[in-house]
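A short write-up of the structure that comes next.
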Amino acid sequence: MSDQIVKTEYSEVMQKSYIDYAMSVICARALPDAKDGLKPVQRRVLYAMNQLHTDSDKPHRKSARIVGDTMGKYHPHGDSSIYETLVVLAQEFKKGMALVDGHGNFGSIEGDGAAAMRYTEARLQKFAEDVYLADLDKDIVDFVPNFDETEKEPVVLPVRVPNLLVNGAEGIAVGMATSIPTHNLGEVIDAVMAYMSKNSVKTEELLEIMPGPDFPTGGIVANKSELKDIYETGTGKLKLRGKIEFEKGKSRGHDKLVITEIPYTMIGAGISKFMSDVVELVENKVTNDIVDISNASDKDGVRIVLELKKGADIEKLKNMLYKKTKLEDTFGVNMLAIADGRPEVMGLKKLIKYYVDYQYELCKRKYKTLLKKAKDDKEIKEGLIKATNIIDLIIEVIRGSENKTQCKACLMRGDTTDIKFKNPESEIMASNLNFSERQAQAILDLRLAKLIGLEIKALEKEYQELTDLIAEYEDILKNKRSMTRTIKNDLKAIKKAYAKERKTTIEDGEEAVFVENEFVEQEVVFIQDKFGYTKLLDTAAYERNEESVTADNKYIYRCMNTDNILVFTNKGNVHQVKVHAIPLKKVREKGVPIDNLSNYDSSQENIVALFNYDSIKNEKLLFATKGGLVKIVDGSEFETNRKTMQATKLADGDELVGVEQTNDLIVVQTDNGRFLRFSTEEIPEQKKGTKGVKGINLDADDSVIKTYLIDSDDETVVKANGRKVELRKLKIGKRGAKGVKVRAGK
C-alpha cells in the first residue's frame, strides 16, 4: 500500500494535541476524583498494596516491591512519583488520616526526606483496609483494563467517607489547580449524616457541625467569619496561624515563647526558614527582646523555643512573629475535583451531595451482590433440608446410579432410566424428584457427617438466617429510607472506631499589628575584612578605634545607613547590598559573610572592588580585564534596584581584575613582569555592556594581574621579578603597547 500525504492545518493539529495532553494531565494525573477523593497514582498504590496483601496484620513489605508492582501493573509513569505518593500517604503530619503504615525513615515535619525505597517498608493502615478497600470482591465498583491490558484495575475505590474532605488534596494540572484542606473525620461524618437527614440543610448549618478545616499540624484558622463564603463557593483563603504559648522562666531563667503548633503551610523547610527569619529580625534590630532561638521538636510534637529578655513585651512579640514571619500564612482553597469526567469547583454542600450519591450507588451494588449470593445459598440449604427428609431415597438413587450424570439427571428431572432400585416404590418416588442443579450438586457433595441430628438443626438455623438476610437485603434495595439507615450505621461505626479529637482551633483572630521602631537616618562606618566578613560600626566607636580597625580590615567606608554598597567581582558582576541590611556590631564582634547579605557567592567568584554607590555616582570608573582590555564607565550606570546585574561584558575566559576611580595615569602590570604606563585620556568612555579596548599588547602566555591609577607625583613602589619598581619613574607609553619588562634580580 503506497504512502499517502495528508494535508492539514498546523495550528489545528497543535491545538488538538495540546487539548488531548491537557485533559490527560487533568483527568489522569493531577486532580482527584470527587467519588473517592484520590488521584490515579494514589488509587493505584493502595490497590497494588491490597493485591499484594500488605494488610495491617501482616509483616511490612519493602517499599521498592510496592512501587515496582504499582509501576509494572498499573502506573507506568516513573518510580519517583509513585514512591513520593507512598511516602505522603504514610505521613501523619500531612494527611488527616494516614492510609499507609510506614516502617523506617519516611521523612519528618521539618522537611527531612524519606530514605530510599530500598530501605523502607510499608503496609496498609487498618483504616485504609476497612474504609477504602473493603468490599472490592462484591462487584461494588467497575474495573477496567490496565495500560497494557494484562490486568484489571478499579475505576474508583469504594471509599466509605468523603476522602476529599478528610485527607484534602493538592495538585497542579494544565491551567488549573486543586487545593483542599484536611478536616476532622468525626465532624465530616456528622455533617454527611446531617445532609442525609435533611437535603435542604444550609452551609452555615453544616459549619455548626463541621466548623472548618482540621490540619494534622494543629494551629489556628483565624478568619472564622469568612468560612461560610469559602465553603459555599469552594474558593477562598484561610488565614493560618501557629500556636504560641508563654512559659514563665524559673529562678534566674529566661521567660520563653514556645511555638507548639505551626501552620500547615510551614511543613518542611518552613520551620528552618522561620528560625532564620527570627534571627534576621534580631540582627536587623527589629526587636531586641529575643536572646536565643532553638528547635526542641521531637516525635511528640513541635516545640520551637524563643528565650526572651527580662521585661519583654509579650503581645508585641507575638504580633511581630505573626506579621513578619510565616507563623501567620494563607492557605488558598480551591475545591476542584473530577466530577462525571470533567473538572468542577464544588462548594461543601455539593461535594457532600456528590459523595452521598456515590454511597447510594455503592450500597445498591453491594446489596444486589449480597442478595444474589444469599438467594443462591438459600437455594442450596433448601435442597439439603429437603434431601435430609428423604435421605434413604437419595442414598438408593446414588447407589443405583452408574455415574454422576445419571444420578444428577434423576435428582433434577426424575429420570430413573438405567438406575437400579431395590424397591419399586423407590423408583416411583425418585421419578418425582425435581431439585435444581445447584441443589443436586450440593447433595452429591454432602458429607455423611452432616446427617447427624445437630448438624441438621444447624442447617435449618442457617436457612432461617438466610431467609432473614434476604428480607433485610430486599428491604434495603427497595426502601431508600432503609438504605439511608444502613449507610448511616456504617458511618457511625467508622466514626466510633477511628474518629480523633480536633487539633485546629477555629476563631476570628484579631489582626496582628506590629509597628516597627521608626527608621532613623544616620552616618555609619561600613567595614569588611579580608575574609569577606562585613559589619557596620557606630561612627564614635570607629573613631575611638580607628587605628586597629584600619589595620584589620580591607574595605572601610563612611556612609549613611540609607546608602547601597556595590560589590564588583572577577566574573563581571556587580552585587548590591543595602547598608541598612548589614548588622550594626561592636568593634570586637564578628561580622556576617557578605554572601549572606547579597547574591555574591564566594565559592564561585572573587571580589575585585567594593564602593559606596553614593561616592561613585558622579565619578568615572576605569575597568581592566585579565586579557588586557580597558574602558571607562560613568558611575551613574550602576544605579539599580536589582540585587545583581552585569557590570561589564567579558570575552570567553576573560576576568575582571580592576575597577577604580579614574586618575591622570594608569599603570598596567602583567604576570610576566611587564609594566605599561599611559594616560587615562587615551581610554574611551563606554557603556557597561561593552568589552572595552586593548590596553596592553600581551604575549600569548601573559595576562594582566593588576592596574594602578596614579598622578605624576605618586610615590607608589611595587615588586616584580624580585625587583622594586617605582611607578612614577616608568616611561610614559601609548595604550596598546607592550610596555617594559622588569628583569629578574634582587
Side-chain angles (χ1 to χ4, degrees), residues 93 108-112 215-223 238-331 503-505 507 509-519 535-536 580-586 589-593 596-597:
F93 53 84
S108 75
I109 194 171
E110 296 177 44
D112 302 314
F215 294 104
T217 57
I220 301 166
V221 173
N223 57 335
L238 299 171
K239 184 193 288 185
L240 307 185
R241 286 179 176 174
K243 196 167 284 186
I244 307 174
E245 296 179 0
F246 174 74
E247 292 183 4
K248 187 73 177 171
K250 297 177 182 177
S251 58
R252 295 189 179 182
H254 292 284
D255 291 344
K256 297 173 184 176
L257 281 181
V258 182
I259 290 92
T260 56
E261 296 176 11
I262 60 173
Y264 186 68
T265 51
M266 258 179 70
I267 289 174
I271 293 178
S272 58
K273 176 69 167 60
F274 166 75
M275 295 181 70
S276 64
D277 286 346
V278 173
V279 171
E280 190 174 326
L281 289 170
V282 174
E283 287 180 345
N284 292 340
K285 306 296 182 183
V286 177
T287 179
N288 296 315
D289 290 335
I290 299 174
V291 297
D292 190 30
I293 181 170
S294 60
N295 186 358
S297 305
D298 55 23
K299 60 183 178 64
D300 296 322
V302 171
R303 182 177 171 83
I304 303 170
V305 182
L306 282 68
E307 292 189 16
L308 311 178
K309 283 184 178 177
K310 189 174 181 180
D313 187 333
I314 303 302
E315 286 307 311
K316 185 177 180 182
L317 275 176
K318 285 183 178 181
N319 285 335
M320 182 196 74
L321 293 175
Y322 286 140
K323 202 73 177 174
K324 293 290 185 180
T325 73
K326 290 291 185 180
L327 200 61
E328 178 177 295
D329 203 0
T330 56
F331 181 98
K503 293 181 179 180
T504 301
T505 303
E507 65 182 28
E510 292 184 10
E511 185 70 26
V513 178
F514 176 70
V515 180
E516 291 190 44
N517 298 329
E518 188 177 348
F519 183 78
K535 64 185 176 183
L536 299 180
H580 70 74
I582 303 169
L584 188 68
K585 300 275 189 178
K586 294 178 181 177
E589 286 183 320
K590 194 174 185 179
V592 297
N596 295 357
L597 303 168

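The residues of the chain are indexed from 1 along the displayed sequence.
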Let's go through Glu110 and Asn295 carefully: what are the C-alpha distance in whole Å and the side-chain angles of both, what is the deciding distance for side-chain contact (heavy atoms from CB on, under 4.5 Å) to 0.1 Å, and is it a yes or a no? CA-CA 10 Å; Glu110 296 177 44; Asn295 186 358; 3.1 Å; yes
Heavy-atom check, side chain of Thr217 versus side chain of Pro263, under 4.5 Å
no
Here the gap from Thr325 atom OG1 to Lys273 atom NZ, rounded to the nearest 0.5 Å, amounts to 9.0 Å
Looking only at heavy atoms, the pair that brings Met275 and Ser294 closest together is CE-C, 3.8 Å
For this session: Start with the C-alpha distance between Lys243 and Ile220, add both sets of side-chain angles, then the distance that settles side-chain contact (heavy atoms from CB on, under 4.5 Å), and finish with yes or no.
Result: CA-CA 7 Å; Lys243 196 167 284 186; Ile220 301 166; 4.2 Å; yes
Tightest non-hydrogen contact, residues Asn223 and Lys239, listed as OD1-N, 3.1 Å
Rounded to the nearest 0.5 Å, the NE2 atom of His254 sits from the CG atom of Asp289 at a distance of 12.0 Å
Taken in chain and number order and not counting sequence neighbours, the residues that satisfy salt bridge (Lys or Arg N to Asp or Glu O under 4.0 Å) with Asp255 are Lys248
**OP:** Test Ile109 against Ile262 for side-chain contact (heavy atoms from CB on, under 4.5 Å), laying out the working first.
**Re:** CA-CA 10 Å; Ile109 194 171; Ile262 60 173; 4.0 Å; yes
When rounded to the nearest 0.5 Å, the distance separating CG of Leu321 from CD1 of Ile244 is 5.0 Å
Applied to residues 256-307, the ring pair (Phe, Tyr, Trp, His ring centres under 6.0 Å) test, sequence neighbours excluded, yields Phe215-Tyr264
Discussion item. Donor-acceptor pair, distance only, cut-off 3.5 Å: does the side chain of Lys535 make one with the backbone of Glu589?
Written reply: yes
Expected output: side-chain Thr504 to main-chain Gly218 donor-acceptor under 3.5 Å
yes
Between Tyr322 and Glu328, the two heavy atoms sitting closest are O-CB, 3.2 Å
In this structure, OG1 of Thr265 is separated from NZ of Lys326 (nearest 0.5 Å) by 7.0 Å
d(Leu240 CG, Met266 CE) to nearest 0.5 Å is 11.5 Å
Heavy-atom nearest pair, Leu317 first then Ala312, reads CD1-CB, 4.1 Å
Cut-off 3.5 Å, no hydrogens considered: what does the side-chain donor-acceptor table look like for residues 298-308, sequence neighbours left out?
unit_1	atom_1	unit_2	atom_2	d
Asp298	OD1	Asp300	N	2.8
Asp298	OD1	Gly301	N	3.4
Arg303	NH1	Glu247	OE2	3.0
Arg303	NH2	Glu247	OE1	3.1
Arg303	NH2	Glu247	OE2	3.4

Rounding to 0.5 Å, atoms NZ (Lys324) and CD (Glu280) come to a distance of 10.5 Å
Tell me whether Lys318 at atom NZ has more than 12 heavy atoms from other residues, nucleotides or ligands lying less than 6.0 Å away.
yes
